[in-house]
Amino acid sequence: MTDPIRRARTDTFEHTISGLLTKRADLFGEAQKLRDRLAEIKNDVAALDRVLGSLATRAI
């Protein structure tokens, strides 16, 4: 049986390091987008809470 993993043609890890850095950058960007979206959601919830609080005060 042949080895399903292709052996690198060089003795260095340049391709591996490059691939890992690319993946890290992708994940970092995705995390930033998630943080931004979470901040938007928190702002929306706070705005809804203010409106609900204002309406509750008027209902009394």
Side-chain angles (χ1 to χ4, degrees):
M1 240 184 172
T2 61
D3 189 4
I5 299 173
R6 295 182 64 195
R7 300 288 178 195
R9 295 182 187 183
T10 64
D11 292 332
T12 65
F13 296 101
E14 291 176 30
H15 294 290
T16 302
I17 292 169
S18 176
L20 291 171
L21 287 171
T22 299
K23 184 63 175 179
R24 182 189 183 282
D26 291 346
L27 290 172
F28 191 83
E30 186 177 342
Q32 183 62 45
K33 289 176 187 174
L34 289 170
R35 280 191 295 272
D36 292 346
R37 182 62 183 131
L38 182 58
E40 290 174 359
I41 290 170
K42 286 181 179 181
N43 287 337
D44 291 346
V45 169
L48 290 168
D49 288 345
R50 286 191 302 275
V51 171
L52 289 169
S54 174
L55 294 174
T57 303
R58 293 180 187 193
I60 296 176

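Every residue two or more places apart in sequence or in another chain that forms a side-chain hydrogen bond (donor to acceptor under 3.5 Å, both in side chains) with Asp36 is listed here: Gln32. Scanning for side-chain hydrogen bond (donor to acceptor under 3.5 Å, both in side chains) contacts around Arg24 gives an empty result, with sequence neighbours left out. For Leu27, the side chain to side chain contact (heavy atoms under 4.5 Å, CB included) partners at least two apart in sequence or on another chain are Lys23, Glu30. With sequence neighbours excluded, the residues that form a side chain to side chain contact (heavy atoms under 4.5 Å, CB included) with Ser54 are Arg58.
Taken from CG in Leu21 to OG1 in Thr16, the straight-line distance is 10.5 Å, to the nearest 0.5 Å.
Applying the under-4.5 Å side-chain rule to Ile, Leu, Val, Met, Phe, Trp and Tyr, the cluster around Ile41 extends to Val45.
Under the 3.5 Å distance criterion, the side-chain polar atoms of Ser18 are left unmatched by any main-chain donor or acceptor of Glu14.
Pairs of residues two or more places apart, or lying in two chains, that qualify as salt bridge (charged side-chain N to carboxylate O under 4.0 Å, His left out) and include a residue from residues 40-53 are Arg37-Glu40.
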